[in-house]
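Note on naming: letters A, B, ... go to the chains in the order of the sequence lines (proteins, then strands), and numbering restarts at 1 for each one.
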Amino acid sequence: MGTLMKTPLLALAMLAFTLSPARAADPTGEAMAATCAGCHGTQGRLGTVEFMPLAGLPEAEFVRAMTDFRTGKRLSTLMGHVARGFSDREVRAMARYFASIK
Amino acid sequence: MSRALFLASLALAFNLAHAAHDSPAAHSPSVAEVRATLAAMPKGNAARGKQLNQSLMCASCHGNEGVAPTSNWASLAGQRAAYTYKSLLDYQKNGRHENARATVMQAAVSGMSRQDMADVAAWYASLPAPNPAPVRLDAAAHTRIDRLVRRGDPTRLLTACASCHGAAGQGGINETPALAGQTVGSFVRTMNDYRQGHRVTDANQGMRQFAQRLSAQEIRALALYYAALPKP
Amino acid sequence: MLNRREFLKAGAGLAFAAATLPVRAAQGGGHVVVVGGGVGGATAAKYLKLANPKLRVTVIEANRTYVRGYGSSEVVTGHVSMDDLNVSYDTLKSRYGIQFVFDTVVGFDPARKQLRTAGRQTLAYDKLIVSPGIRLLYDAIPGYSAAVAETRVPSGWIPGAQTALLAKQLKAMRQGGTFVLVAPPTPYRCPPGPYERAALVTEWMRRHNPTGKVIILDPKDSFITDATMQLGWHRLYGYNMPADYLKDLPASVQVKNSGRPSPIEWVRAKDGGEVEKIDARTLAVTTLQGVEKADVLNIIPPMQAGKLALDMGLTDASGWCPVDRRTFESSVHKDVFVIGDASIADAMPKSGFSANTQAKVTARAVADQLAGRTPGEPVWENTCYALAGSEYGLFVADVFRLKDGKIAQVSGQRYLPLDATPAQIRLAATYQQAWLKTFTEDCFA
């Protein structure tokens, strides 16, 4: 089976992960956002480079981007992989963090 | 994507090693050169352009329907085909490299044929322009900017934006782009690139003189004005 | 150099030592000492200051300039110079107020929570973060040694003079010569790195030494990104993919081995790729399969946690440092944290990106502990871009969480899909170059 064809199955598997109550608590939005900084800049601040700055990004734009990456609706190189590591609630927490950075 | 198309693009892609590293110096064309370039533009096939929008990853930043998912990138829905075509060609052939973001475009267009470019351009041109953004200038600023757009500012030798980009921001006079519904981030970045002389591939570097006579506040206000313009 | 017992003895009773740095009660939240100014240490120092600007943060580092390992194989092929690998500590000092002590640690007293340096400074800490990197076990391969590596058979896995030597040797290699790269056993720093280096050398040879060839001798049967990397080699250099990889390719990906000799070969353990010994004079490499005569020999030997970790007694029998996975606090010493390649981090690859996200989690945990808070839920990430050619990018990308006391990968698919489009592949190469810049900034600026 082609890797692309696996993606919906994988998305389902990841959905199971994201809904599982195994973790006591989510990491904070800031803690999760720090994992983005290697490419998207410390606190999401980035000059004009190949990657997108995330600081100040409206919450809805961040949430939509991560959701669309995760489902594959939006094409990506590796953002789809990364997005599948975070639940909807966590994505919203990251979105709030980045929107709060000016 | 059709299998043949995929294999063809594959073959092209892997035979073009080092294209990006050896890109030519940016070329500022004359009006006549631009006219000749556009006259040689193949007839675009929008349906094929729609496929290329996916297979060439354009959609990731410019949207499945040409509407950019975030303000960081340009929306291309409803864009004039001539403008899109020339932009793609400039990235590939004419050394257009105004900033690091353009590096992404140079990688994206590597291996595109002129027909591919015309097809993608036709696809974007066939789409309805983006919905106006829910951003508004206050009344006084809107009046001031609307006047700048429609009448220009003779005291600063600023031609009315509308004289080339259309009163409704629909573009199309000469090779100029549509601006209605454009993302604020992309608009501001583009104007700054013209202003600082980083982007020079427009005819006779025409935009530079305008961008240099505008203040940073005016550029921001123009961006908000155009983002909120209704579809032409 | 002190042995471990002497090292610990040197640390005991530090109070008598002539202290040039004032040992005083920390103000405004505590004094955190970071040993090692590489990716892990620099990121930890910076993110400690971001978490609490009032913390006093001191980095002890032997070298005044950091030489980045990530991307350093591009020196071998001349794409960048040695100078391009240099990263300054100036911004960490000026923007964040981090103190740097350019010195080496020679004594450690975990009971008194003090360190002593070769320059006879004594530093007291409330919390200590150690990011010691790796130590190459040159002697693990008969015939190989640190001295041989410096002069004749460079490793270049820790960037420096050996990297430059390797570049020089490649350039001077006879036409039609053989570049042999000996890959390390797991675990090791930068899992796709040896294979990326082999690819970039192959690409370089196509231009400069078209009859030359690259042979990878490997004590392993697989590596991270192996399928996508080999697909790249196949497309770019006519590499013949092994049958077991061919059968896992999706139907839409067409690979037809030419059967002709390829300019790059990967000899796995199962094909006798494990090296038994080398002859440094003749550059003959003896494997289970026979003898391979190299013109340029590049050995990436087995590795363990950096020597400092060993000296400080932070390692276990594996040679790596056991830690509490939530905070990376050492399982051996309280208030001492070990991050980066030296730590035992389960599913996380030993990479700069891993060290960077470990540093952030640990910095936050340390700041929390010093403020009397319980550290929050950790999350780590790893994104390694690698090149099969300068315009052919691939990657491994993971998100990691704590699960039952271990670090587990939770994001599923890790690699560039095998049926990736040429556009994805080219963009991955573009992003690899961009990442070198943004990553360096996140760690050091």
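Ranking C:A434, C:A428, C:A397 against chain A, the residue ahead of the rest is C:A434, based on heavy-atom pairs under 4.5 Å. When each of C:T438, C:V399, C:T440, C:N382 is scored by its heavy-atom pairs under 4.5 Å with chain A, the top score falls to C:T438. When A:E30, A:H81, A:Q43, A:R45 are compared by the number of non-hydrogen pairs under 4.5 Å with chain C, A:H81 comes out ahead.
For C:F328 and C:F337, the gap between ring centers reaches or exceeds 6.0 Å. Residues C:Y415 and C:F395 keep their aromatic ring centres 6.0 Å or farther apart. For an aromatic pair to be called close, the ring centres must be under 6.0 Å apart, and C:Y431 with C:W435 fails this.
For chain C, the nearby parts of A:V82 are the backbone and the side chain; heavy atoms of each come within less than 4.5 Å. Of the two parts of C:L50, only the side chain, counted from C-beta on, holds a non-hydrogen atom closer than 4.5 Å to a non-hydrogen atom of chain A. Neither the backbone nor the side chain of A:L75 comes within less than 4.5 Å of any heavy atom of chain C.
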* Would A:D88 and A:R70 satisfy salt bridge (charged side-chain N to carboxylate O under 4.0 Å, His left out), going step by step from the backbone distance to the final call? -> CA-CA 10 Å; A:D88 287 346; A:R70 191 200 291 157; 2.6 Å; yes

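A salt bridge does not link A:D26 with C:R401: every distance from a Lys NZ or Arg NE/NH1/NH2 to an Asp or Glu carboxylate oxygen is 4.0 Å or more.
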